[in-house]
Amino acid sequence: MASFIIRRLIASIFVLFAATFLMYLLVSFSGDPLQDLRESSAPNKAELIEARTKLLNLDVPPPLRYFLWLGALFRGDFGVSMQNQSVNALLGNAITATLTLVTTATVVAIVLGITVGIVSALRQYTGFDYGVTLLSFLFFSLPVFWVAVLLKQYGAIQLNNWLGDPVISVPVIIGVSLFAGLIWMSLIGGRWRRRLIVFGVSAVATGAVLAFLSATEWFADPSIGIVVYGFLAIGVAVGVTAVSAGLRNRKALYASLIVAAVGIALYTPMMNYILNGMTLGVFLLLALGAVVVSGAIGWFMGAPDRAPVVRTAAIVGLLVAAFTALDKYMSYWQVYANSSRVRGRPIATVGSSTPGLGGNFWVQGIDLFTHLLLPTIAIILISFASYTRYSRASLLEVMNQDYIRTARAKGLTQRTVVVRHAFRNALIPITTIIAFDVGAIIGGAVVTETVFGWTGMGRLFVDALDVGDPNPVMAFFVVTGTLAVLFNLIADLVYAALDPRIKVG
């Protein structure tokens, strides 16, 4: 394994050197950094041209100039731009904005896409499968700029208008309830009598919830509350156990329920005392503590087979802690929405933050969320389609293998067959797609960043390329190329972890 990693890294370094050399020559010969000065009518035009030539070493031939750039790169310096700005500073700001935007969207798209694709494969040729297929092709064919504009119109402008008086009309309640009933009916499956019962129960439950939220104007001042929090914690404990270890594993179930009970017991002190005066460092420490304590509960409850119990308890602990944090964020929603900078229109359409907002950790978190919401949805809708189709096709291929039929013939449960045998092998081709996508997220979403006013890596690259500014372009290329190589190496290692038959050597 170590020799494989070393060989791949050495080969990758030579590939990066060759790629950066070719890219530098292409950028140098494709644009003229002095064009704007040559077309200028400034009286000191000659002095400006001479200064920029000296600044960017334009009097040196491009092949030799590359080695000057490479020497500075070894010192950690990407040089300066045409405007004499540090490329390191530009790159740092751009990476921060892109990571904030695209990483969130990519993670959510991967989780949702794989989950929906697996369920679609397990419900092949059902109404749910056909519906997911239709939506996948629809989202895949939508132009991202058109989706972004629609989201700004209906997801921000119209939604902000509605939030001024958040009453859900009766036709909307009926329509959403019927749609929810159809989704659950197709998802659960079974005989028609069972489907109709599921349809009726889910439609009535959805309608009742929407009517309650409308009557109490919940969207104006949202909250979870201890009662709903308790139901959510117990539901998460049972649901995660069913998927992760199976409800027959009583130790995992009891450990998860204990973790849920601890979360319910700590709800009030967390909301009223512990989470006040929060900072990012303390927030991350509390999240880590929730995972560690939950894992410890699973370890004490799980002997002799501790691994599935610890895993299940840790996941439940993280989700229960997330519900607590979500409720704390909700408690500051009115403070944020009614602030002088937001003025009752919380869903943002431009930029990554509200200028001069101020506020504590929770208010700043809400501000970040409202600015991330629309661009994240735009990216998710496009990425979700491909992940859904890939995961569905991969799982269907695996489910037809001989070893899956053997596992079923041995009497293993459907959960064990899917989770322990089929799912791991189905992830192998998906890992390749994810590795390419994750390696490319730093490249930024140029169109989305442009429509929503985010200055990220994509905008940095396009703006520099338009004026022939070589150093920002090369900084972009080095970061994206290095990440592409790194994540492809990680993908190779993940292959061996998912399937022991694959030997890395």
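Atoms considered below: every heavy atom in the structure, side chains included; atoms not considered: hydrogens, waters and symmetry mates.
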Here the salt bridge (charged side-chain N to carboxylate O under 4.0 Å, His left out) pairs for residues 101-121, sequence neighbours left out, are none
query: With a 4.5 Å limit on heavy-atom distance, are the side chains of W162 and I168 in contact?
result: yes
Taking the side chain as C-beta and beyond, is there a heavy-atom pair between F361 and L280 under 4.5 Å? yes
- Task: Check the angle between the aromatic planes of F17 and F14 and answer parallel, tilted or perpendicular using the 30° and 60° thresholds.
- Result: perpendicular
Note to self: W69 vs F78, test: ring-ring contact (aromatic ring centres under 6.0 Å, His included). Steps then yes/no.
What the structure shows: CA-CA 7 Å; W69 171 85; F78 283 103; 7.1 Å; no
Sorted by chain and residue number, the side chain to side chain contact (heavy atoms under 4.5 Å, CB included) partners of L22 (sequence neighbours excluded) come out as none
side-chain hydrogen bond (donor to acceptor under 3.5 Å, both in side chains) pairs touching residues 407-422, sequence neighbours excluded, are T413-T416
Take atom CH2 of W184 as the centre, draw a 6.0 Å sphere, and report whether it contains more than 12 heavy atoms from other residues, nucleotides or ligands.
no
Check your understanding: Is there a donor-acceptor pair closer than 3.5 Å between any side-chain N or O of T126 and the backbone N or O of R123?
Key -> yes
Is the number of heavy atoms from other residues, nucleotides or ligands under 6.0 Å of Y390 OH greater than 12?
no
Across all chains, not counting sequence neighbours, the side chain to side chain contact (heavy atoms under 4.5 Å, CB included) partners of V209 are L213
Would you mind reporting whether I114 and I434 have side-chain heavy atoms less than 4.5 Å apart?
yes
Listed pairs under 3.5 Å, donor-acceptor, residues 186-200 side chains, sequence neighbours left out:
from	atom 1	to	atom 2	distance (Å)
S186	OG	L182	O	3.0
S186	OG	I183	O	2.9
R195	NE	G190	O	3.0

Across all chains, not counting sequence neighbours, the side chain to side chain contact (heavy atoms under 4.5 Å, CB included) partners of F369 are L373
- Message: Under the criterion side-chain hydrogen bond (donor to acceptor under 3.5 Å, both in side chains), I'd like the reasoning laid out for D367 against S353: C-alpha separation, chi angles, the key distance, then a yes or no.
- Response: CA-CA 6 Å; D367 185 58; S353 62; 4.9 Å; no
By salt bridge (Lys or Arg N to Asp or Glu O under 4.0 Å), D466 pairs with (sequence neighbours left out) none
- prompt: Is there a side-chain contact between N425 and I428, using heavy atoms and a 4.5 Å cut-off?
  reply: yes
With sequence neighbours left out, the residues meeting ring pair (Phe, Tyr, Trp, His ring centres under 6.0 Å) with F21 are Y66
Atom pairs and distances, donor-acceptor, side-chain atoms in residues 241-257, under 3.5 Å, two or more places apart:
from	atom 1	to	atom 2	distance (Å)
T241	OG1	A237	O	2.6
T241	OG1	S256	OG	3.0
S244	OG	R311	NE	3.0
S244	OG	R311	NH2	3.4
S244	OG	T312	OG1	2.9
N249	OD1	K251	N	3.4
N249	OD1	A252	N	3.2
K251	NZ	A303	O	2.2
S256	OG	A252	O	2.9

Worksheet item: Within a strict 4.5 Å, meaning less than it, do heavy atoms of the F477 and V27 side chains meet?
Response: no
Under 3.5 Å, side-chain donor or acceptor atoms of residues 89-96 against the rest of the protein: list the pairs with distances, not counting sequence neighbours.
from	atom 1	to	atom 2	distance (Å)
N93	ND2	A89	O	3.3
T96	OG1	G92	O	2.8

Self-check item: Main-chain N/O of S202 paired with T206 side-chain donor or acceptor, under 3.5 Å
Solution: yes
Can I get a per-line list of side-chain donor-acceptor pairs under 3.5 Å for residues 392-401, giving both atom names and the distance, sequence neighbours left out?
from	atom 1	to	atom 2	distance (Å)
R392	NE	D129	OD1	2.9
R392	NH2	D129	OD2	2.9
S394	OG	A426	O	2.6
N400	ND2	L396	O	3.1
Q401	NE2	E397	O	3.2

Note to self: Determine whether V320 and Y229 satisfy the following criterion, side chain to side chain contact (heavy atoms under 4.5 Å, CB included), listing intermediate values before the conclusion.
What the structure shows: CA-CA 9 Å; V320 170; Y229 179 87; 3.0 Å; yes
- Query: Is any side-chain heavy atom of E449 closer than 4.5 Å to a side-chain heavy atom of T98?
  - Reply: yes
S383 and A109 have their tightest heavy-atom pair at CB-CB, 3.7 Å
Task: Parallel, tilted or perpendicular: rings of Y130 and Y125 (30°, 60°) - done: tilted
Residue set satisfying side chain to side chain contact (heavy atoms under 4.5 Å, CB included) with V15, at least two apart, ordered chain then number -> none
